[in-house]
Amino acid sequence: MVEAKRSWLYRKLAEKRDLGEAPPEKEYVSGEGFLYLGRSYRLRIVASGDVRLIRGRLELAKGGAAKDLVRWYRRVGEPWLRKRVQPWVSRMGAEMTGLRVRPLGYRWGSCSQDGQVNIHWATMQLPPTLIDYVLVHELAHLQRPDHGPEFWRIVERAMPGYEDYRQRLRSRGNELWLPEEGR
Ligand SMILES: [Zn+2]
């Protein structure tokens, strides 16, 4: 029990710095760019309504700010990720009981021993192949909470060549938008 707790803690410390700590500042004006699934979309300020991505523009109501965009990433991210994760769950035989999108500080993801996977909403800014790596990583943790050799064997088996994604994820972390309201 103590051993298990220690490895979970170790994992938390190890992943604390995965997401950059000095994200670029954003302005909530027409023309500002926001990433979604690896592509940049310009903001268009409209009179009213919920945030939505339409005709290549991200619409934000006048007076809107970070919290509205964070809410949008969470709203679109959850169904997208729940669908995206399914083939990986099957391939890895993972016992995932649910997936939620939420702020997780500076971590991409976390999971609990009852099979619940949590993914940081900021992950939705990444290209889909890197999001896959985050998903595979968390699903592998459902079998192994630590980052030992067996853990990496599980990741490698599911996603051969994962090292490349892991490296790219490290460098992309600093480029992502992570406002205070979404940490
Ligand atoms: Zn991990």
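Along the sequence shown, residues carry numbers from 1.
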Measure the [atom1]-[atom2] distance between [X] and [Y] for me, rounded to the nearest 0.5 Å.
X: H120; Y: L178; atom1: NE2; atom2: CG; answer: 5.0 Å
X: Q116; Y: E138; atom1: CD; atom2: CD; answer: 11.5 Å
X: M96; Y: L142; atom1: CE; atom2: CG; answer: 8.5 Å
X: W121; Y: R183; atom1: CH2; atom2: CZ; answer: 9.5 Å
X: L130; Y: T123; atom1: CG; atom2: OG1; answer: 10.0 Å
X: L53; Y: L58; atom1: CG; atom2: CG; answer: 6.0 Å

Check whether any side-chain heavy atom of [X] lies under 4.5 Å from a side-chain heavy atom of [Y], and answer yes or no.
X: H147; Y: H137; value: yes
X: S30; Y: R57; value: no
X: Y73; Y: Q125; value: yes
X: W108; Y: I131; value: no
X: L99; Y: L135; value: yes
X: L37; Y: M124; value: yes
X: R75; Y: D50; value: yes
X: V85; Y: V117; value: no

| field | Plane angle bin for Y36 and Y41 - parallel if under 30°, tilted between 30 and 60°, otherwise perpendicular | value | tilted
| field | Evaluation steps, side-chain contact (heavy atoms from CB on, under 4.5 Å), between Y165 and V136 | value | CA-CA 11 Å; Y165 298 124; V136 167; over 6 Å; no
| message | Run F151 and V155 through side-chain contact (heavy atoms from CB on, under 4.5 Å) and show every step you take. | response | CA-CA 7 Å; F151 170 81; V155 174; 3.8 Å; yes
Heavy atoms only: give me the nearest [X]-[Y] pair and the separation to one decimal.
X: A140; Y: I154; answer: CB-CG2, 3.8 Å
X: L176; Y: A122; answer: CD1-O, 3.6 Å
X: H141; Y: C111; answer: CB-SG, 3.5 Å
X: A47; Y: A61; answer: O-CB, 4.3 Å
X: P127; Y: R172; answer: CG-NH1, 3.8 Å
X: G64; Y: Y28; answer: O-CB, 3.7 Å

Verify the neighbour count for atom [atom1] of [X]: are there more than 12 heavy atoms of other residues, nucleotides or ligands below 6.0 Å?
X: E27; atom1: CD; value: no
X: E95; atom1: CD; value: no
X: R44; atom1: CZ; value: yes

| Is R91 reaching over with its side chain to a backbone N or O of A158, donor-acceptor style, under 3.5 angstrom? | yes
| message | Regarding R74 and E78, does a basic nitrogen lie under 4.0 Å from an acidic carboxylate oxygen? | response | no
| query | Any Lys/Arg nitrogen of R153 or E156 sitting under 4.0 Å from an Asp/Glu carboxylate oxygen of the other? | reply | no
| query | Are V46 and L69 grouped together when hydrophobic residues (ILVMFWY) are joined by side-chain heavy atoms under 4.5 angstrom apart? | reply | no
| query | Is there a side-chain contact (heavy atoms from CB on, under 4.5 Å) between M92 and M159 once you walk through the steps? | reply | CA-CA 10 Å; M92 298 170 75; M159 186 180 243; over 6 Å; no
